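In what follows, a single structure is set out as structure tokens and then discussed.
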Amino acid sequence: MSTSAYFASPWPAEDGGPRRMQVPRSGVEMALQPGESLGCVARKTLVSTMTVLGAPGEVFLLTHSALRAKLGLPTTSCVERLDPLTLKTVACSPRLPGGPMWPGGMAVHRDGQLIVVYGRYAHTLSRDCTPLRSMELPVNAPYNSFVILDNGLVVTKNLSETENAHLTVLDPDTLAPVCAEVECPEPSVARLSAAGNTVYVVGVRSIFRFHWNAASLRLELDRQWYFNYAHQTRQTFGTDVVIDGANAWFMDNGKHRYRTTMLGAGVSPTSNRLIRVSLRDASDTSVMSVSGLPAGSVTTPPLFDLERSIVVAYDSANAYLAAWRFDAALHSFTLLWTKKHFGCASHMILYPRTGQLVVNDYRDREEEVVMLNIDTGTEIGRVRVGGITQGVVFPSVGWNRDFYWSSMGRLARVFVQPAA
């Protein structure tokens, strides 16, 4: 997959890259073997959102404040560079201005600089966490992260459930807007995705996309590609979309009452659904219920395994996880496995060579991280990482046989322990 504007590391951005495939771009797979187990070291954080990787050994953590938001005050973000083994802070930025609170985003640009979008501010930092420049974004609302196009431009969007969302395109060096804001056809809560120089937007009713026009220097709406997934249903808005190269995959019923857990947090009385839209023809779609249970809800995207044509989807409000094999020729789905009473709510990691899938399972009011075989659903390893909040944010792979797991007030490094 092409993510040429991102730094050449195994995991330079949330979900591994703008297509949100949730697979490492390079590096060592966990490859957990019989007799081996998962170990963990963890530390408390101030509302952690994600880790990303820079040069070998570099691990960056994005956190933000929250209490000030409850008082109606502006919030801030912070970037730390961590020791990759102990998670101790090696370098730390000052508090970065943010404003209205919503978990932001961070990526390492191909030029080696860190880019952060949090609240209504964009920032660039050196990899020693020194701020270089900041830009206040135009809408007085939180911007929920960003994507970097193959041409190097940064595209971000304000979060909105009621007013039409706006896309802002920034120069990665100066953070200056390179064109006028682009108004979307409807509000949008989901984070952006991108493939090449095309931006995909899941609105509150529809999915649509914009292509970058290099001649006119602007984003242009693709009026031939549009799918109204909500139509005349009671479904709430869709979540982040996965772009696999042939299809777009996402889930709906993204409105919820999350505080510390997604369990029982659904708002709509309906079941949440898995939605597929062909990238070639937006009338070529599949829509199916994930669990069939009422009040289904999610905050995060599904996962599609390109190697095995397996899609993994879930209903976090009802603690249900399942996988199907997708037949592209027949547009059909074969159920492979299900897991009930399984507290999965976070973004995932797939190791493509081994088919080992990393998910969370919130149980007994505490977070656990589980490794499954994506073909069979068989549990390969499990470790309790602790913390009272169910993870709904972004893990990343590590530099060795390890990965990092964020869950609001806690960050864990999960690693392979050799057989005794």
Side-chain angles (χ1 to χ4, degrees), residues 13-15 44-52 60-80 92-107 114-125 129 131 134-147 154-163 165-168 170 175 187-192 202 204 236-237 239-240 254-262 265 267 297-300 316 345-347 367 387-395 406-411:
E14 61 195 55
D15 290 328
K44 293 181 179 180
T45 63
L46 181 65
V47 197
S48 52
T49 301
M50 67 181 65
T51 49
V52 300
F60 299 96
L61 170 68
L62 176 64
T63 63
H64 67 85
S65 58
L67 180 60
R68 289 174 60 84
K70 295 181 180 180
L71 302 174
L73 299 172
T75 62
T76 58
S77 63
C78 182
V79 177
E80 299 177 42
C92 185
S93 75
R95 303 305 304 181
L96 304 171
M101 188 192 78
W102 189 264
M106 174 173 59
L114 294 168
I115 298 175
V116 171
V117 170
Y118 170 76
R120 65 174 299 188
Y121 280 84
H123 309 275
T124 57
L125 302 92
C129 300
S134 296
M135 170 67 71
E136 186 179 42
L137 296 166
V139 181
N140 186 20
Y143 283 67
N144 53 344
S145 196
F146 62 97
V147 290
V154 176
V155 184
T156 185
K157 173 189 66 66
N158 65 300
L159 182 151
S160 173
E161 285 191 56
T162 56
E163 304 292 331
H166 289 79
L167 301 178
T168 300
L170 303 175
L175 293 183
S188 172
V189 175
R191 293 178 178 230
L192 301 174
V202 177
V204 296
T236 64
F237 55 77
T239 59
D240 309 345
K255 193 174 181 65
H256 54 79
R257 295 184 297 264
Y258 176 89
R259 290 296 180 269
T260 60
T261 175
M262 278 294 293
V267 172
S297 185
V298 289
T299 67
T300 49
S316 299
S346 181
H347 296 248
E367 182 91 322
I388 62 171
T389 58
Q390 183 179 24
V392 293
V393 284
F394 298 89
S406 294
S407 56
M408 296 302 182
R410 201 165 183 86
L411 176 70

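None of these values were measured; they are calculated from a predicted model.
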Counting C-beta onward and ignoring hydrogens, is there a side-chain heavy-atom pair between [X] and [Y] closer than 4.5 Å?
{"X": "S77", "Y": "L62", "value": "yes"}
{"X": "H166", "Y": "P138", "value": "no"}
{"X": "S134", "Y": "L96", "value": "no"}
{"X": "E80", "Y": "C129", "value": "no"}
{"X": "E14", "Y": "M106", "value": "no"}
{"X": "S346", "Y": "P395", "value": "yes"}
{"X": "H347", "Y": "V393", "value": "no"}
{"X": "I115", "Y": "L170", "value": "no"}

On a heavy-atom basis, which atom in [X] and which in [Y] lie closest, and how many Å separate them?
{"X": "A141", "Y": "N158", "result": "CB-CB, 4.5 Å"}
{"X": "S316", "Y": "A345", "result": "OG-CA, 3.3 Å"}
{"X": "A66", "Y": "V47", "result": "CB-CG2, 3.9 Å"}
{"X": "W102", "Y": "L159", "result": "CE2-CD1, 3.2 Å"}
{"X": "T51", "Y": "L411", "result": "CG2-CD1, 3.9 Å"}
{"X": "S406", "Y": "S48", "result": "CB-OG, 3.9 Å"}

Whether H256 and Y258 hold their rings parallel, tilted or perpendicular, with breakpoints at 30° and 60°: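 If you compare the ring of H256 with that of Y258, the planes turn out perpendicular.
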Full working for side-chain contact (heavy atoms from CB on, under 4.5 Å) between F60 and L114: CA-CA 9 Å; F60 299 96; L114 294 168; 3.7 Å; yes
Residue pair T260, T389: steps toward the side-chain contact (heavy atoms from CB on, under 4.5 Å) verdict: CA-CA 5 Å; T260 60; T389 58; 4.3 Å; yes
I need the [X] [atom1] to [Y] [atom2] distance, nearest 0.5 Å.
{"X": "M135", "Y": "T168", "atom1": "CE", "atom2": "OG1", "result": "10.0 Å"}
{"X": "M408", "Y": "T45", "atom1": "CE", "atom2": "OG1", "result": "9.5 Å"}
{"X": "L61", "Y": "L46", "atom1": "CG", "atom2": "CG", "result": "10.0 Å"}

Between [X] (side chain) and [Y] (backbone), is there a donor-acceptor pair under 3.5 Å?
{"X": "H123", "Y": "G98", "value": "no"}
{"X": "S188", "Y": "V202", "value": "yes"}
{"X": "R120", "Y": "E136", "value": "no"}
{"X": "S407", "Y": "Q390", "value": "no"}
{"X": "E367", "Y": "G387", "value": "no"}
{"X": "S160", "Y": "A165", "value": "no"}
{"X": "S297", "Y": "K255", "value": "yes"}

Sequence neighbours left out, what passes salt bridge (charged side-chain N to carboxylate O under 4.0 Å, His left out) with [X]? Give chain and number order.
{"X": "D240", "result": "none"}
{"X": "E163", "result": "none"}
{"X": "R410", "result": "none"}

Between T75 and Y118: side-chain donor-acceptor atoms closer than 3.5 Å: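 Y118 and T75 do have a side-chain donor-acceptor pair below 3.5 Å.
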Exceeds 12 heavy-atom contacts within 6.0 angstrom, atom CG of L73: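 Count over threshold, so yes.
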Test log, rule side-chain contact (heavy atoms from CB on, under 4.5 Å), inputs F394 and D15: CA-CA 7 Å; F394 298 89; D15 290 328; 3.7 Å; yes
Criterion side-chain contact (heavy atoms from CB on, under 4.5 Å) on V117 and L137, from CA distance to verdict: CA-CA 9 Å; V117 170; L137 296 166; 4.1 Å; yes
